Amino acid sequence: MDSTTIFVAVVVFIVMSIIGGGITIAVVLYQFNLLISGGALVVPPDTGPEDAMERIAWKKERDDKLASKTRLSGAYRTGVMVLLWLALLTAIEFVASMIGVSTVAMFLIAFIKAAIILQFFMHVSSLWLEGESH
Amino acid sequence: MSTATSSLSEYREQLKNNRLGLWLFFVSEAFLFTGLLAARFYLWGNTRPDLDQNLGVIVTVILLASSFSMNRAETAIVHNDRETFLNSLLVTASLGLVFLVGVVGFEWQGHIKPQDGAFGAVLYGMTGMHALHVFSGIVFILIIWNNGRNGHYSGERHWGVEACAIYWHYVDLVWVFFYPAIYLMGKVAH
């Protein structure tokens, strides 16, 4: 094995370790969070008000809050995924330059990164929407 | 139609025009940055100066991370999560500042100076113009943070935040092309 192959293998190993480690920590934290706040032992179930009308309003408010929370965590998750993809592509770009990949290929990677940023961070498609918030 | 609904629909119409205006501004900026990229390929060809690769990749990762925290700030205000919004803005501004220190404080203190022919001229032209945009982005973020602290934005009305976020991501987008052009493409000239 020549030094370039060893270098590439080491870089790939480090990148995979970082991603793998990050996912492991995220899973552990998520389970820990479930254990603390999601378990019925810690938080007693809230049955809401006794009155029927008040109960309907309470249920609607609770469902709206839950839907909003789900949307928010979904949006945060998308941000994390975009960051991971951009980091991975940057690592590939770095390694590609070490092994002497052509300028065209380097530009191709840059264009993929740019497309990801344009779509997920800059919301370019909102230009065609009717004044909606993204 | 109630006054509030009418006002909201007017705001949305205005939002559409604002977005178009901002993107037209980006198109005009794209000519500037593309010109700098063209100068790099014309003057450097298939070579590049011997720069600190570690520094290059570190500042790139920092800028990407700042884009992530900016996205988090924008998402937070859309969902009326004010605390995350304000904290994420501060994180973004701090990361932007670290990027500036990396480029101006370290890269510019290297062995290449502006007067060192084509390498110096292009390197300082590209990084300088980009750093200027990063600096103005940080000022923009701090203004938005101050407005946000005073309760100027809500889930329905946050054009200022949206514009600031898109501007910041644009600065990141430019670096996506500048980083490989400066640090990675071509052979190192000795």
Side-chain angles (χ1 to χ4, degrees), chain A residues 11 18 65 67-98 100-134, chain B residues 8-20 22-23 26 41 46 48 53 56-57 60-61 63-65 67-72 74-81 84 88 155-159 162 165-170 172-181 183-187:
Chain A
V11 169
I18 291 169
K65 269 186 189 166
S68 170
K69 205 175 164 186
T70 310
R71 275 199 303 273
L72 181 63
S73 56
Y76 285 153
R77 232 185 348 261
T78 306
V80 172
M81 287 310 294
V82 170
L83 178 68
L84 284 178
W85 273 106
L86 290 173
L88 185 69
L89 285 167
T90 305
I92 291 172
E93 212 172 26
F94 188 76
V95 174
S97 120
M98 293 290 170
V101 167
S102 73
T103 302
V104 176
M106 299 291 282
F107 257 116
L108 191 68
I109 299 171
F111 273 113
I112 295 170
K113 285 169 73 178
I116 292 172
I117 292 172
L118 277 167
Q119 178 56 33
F120 293 102
F121 281 169
M122 297 177 81
H123 316 288
V124 69
S125 53
S126 68
L127 270 178
W128 294 276
L129 297 176
E130 289 296 316
E132 292 290 322
S133 183
H134 41 71
Chain B
L8 193 62
S9 88
E10 275 172 24
Y11 173 77
R12 286 188 169 170
E13 188 57 35
Q14 182 64 46
L15 190 62
K16 230 170 84 177
N17 295 334
N18 289 351
R19 278 181 185 152
L20 184 62
L22 187 68
W23 278 92
F26 289 148
F41 284 101
N46 197 30
R48 61 179 156 94
Q53 289 293 323
V57 81
T60 302
V61 169
L63 203 60
L64 289 178
S67 244
F68 165 70
S69 62
M70 193 63 191
N71 177 257
R72 196 176 166 79
E74 193 187 3
T75 306
I77 195 65
V78 169
H79 292 88
N80 286 310
D81 184 356
T84 309
S88 299
E156 288 79 31
R157 291 166 188 260
H158 54 268
W159 162 244
E162 187 185 328
I166 297 178
Y167 181 80
W168 190 258
H169 296 312
Y170 185 76
D172 187 24
L173 185 78
V174 170
W175 191 252
V176 159
F177 290 99
F178 274 24
Y179 166 62
Y183 288 90
L184 304 178
M185 290 174 184
K187 291 179 172 53

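All figures in this text were calculated on a predicted structure; none of them were measured in a lab. Within every chain, numbering begins at 1; the chains are lettered A, B, ... in the order of the sequence lines, protein sequences first and strands thereafter.
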Check B:D172 against A:I117 and note the closest heavy-atom contact, atom names and distance. OD2-CD1, 3.6 Å
Heavy-atom contact with chain A under 4.5 Å, split by part of B:V57: side chain
How about A:V124 and B:F26: do any of their side-chain heavy atoms sit closer than 4.5 Å? no
Shorter than 4.5 Å, heavy atoms on both sides: which option in A:I116, A:V80, A:V82 has the most such pairs with chain B? A:V80
Any chance you could measure B:T84, atom OG1, to A:L72, atom CG, to the nearest 0.5 Å? 7.5 Å
Is B:T60 in contact with chain A via its backbone, its side chain, both, or neither, using a 4.5 Å heavy-atom distance? side chain
Once you round to the nearest 0.5 Å, how far does CG of B:L184 lie from CE of A:M106? 4.0 Å
Going by heavy atoms in the side chains, are A:H123 and B:E162 under 4.5 Å from each other? no
Starting at CG of A:L83, measure out to CG of B:N71 and round the result to the nearest 0.5 Å. 9.5 Å
Contact part of A:T103 toward chain B, heavy-atom cut-off under 4.5 Å: side chain, backbone, both or neither? both
Counting only non-hydrogen atoms closer than 4.5 Å, does B:D81 touch chain A with its backbone (N, CA, C, O), its side chain (CB onward), both, or neither? side chain
OG (A:S102) and CE (B:M185) are apart, to the nearest 0.5 Å, by 9.0 Å
Measuring heavy-atom distances to chain B, does A:F120 have an atom under 4.5 Å in its side chain, in its backbone, in both, or in neither? backbone
Just how far is it from atom CG of B:L22 to atom CE of A:M122, taken to the nearest 0.5 Å? 7.5 Å
Looking at A:L86, A:L89, A:V101, A:I109, which has the largest count of heavy-atom pairs under 4.5 Å with chain B? A:L86
Contact summary for B:P180 and A:E93, nearest pair of heavy atoms: CG-OE2, 3.5 Å
In terms of heavy-atom pairs under 4.5 Å with chain A, the winner among B:F68, B:Y167, B:F41 is B:F68
Contact part of B:A181 toward chain A, heavy-atom cut-off under 4.5 Å: side chain, backbone, both or neither? neither
In terms of the angle between their ring planes, are B:H169 and A:F121 parallel, tilted or perpendicular, with boundaries placed at 30° and 60°? parallel
Among A:F111, A:F94, A:Y76, which has the most heavy-atom pairs under 4.5 Å with chain B? A:Y76
For B:N46, which atoms come within 4.5 Å of any heavy atom of chain A: side chain, backbone, both, or neither? side chain
What distance do A:F107 atom CZ and B:F177 atom CZ have between them, rounded to the nearest 0.5 Å? 7.0 Å
Under 4.5 Å to a heavy atom of chain A? For B:Q14 that would be neither
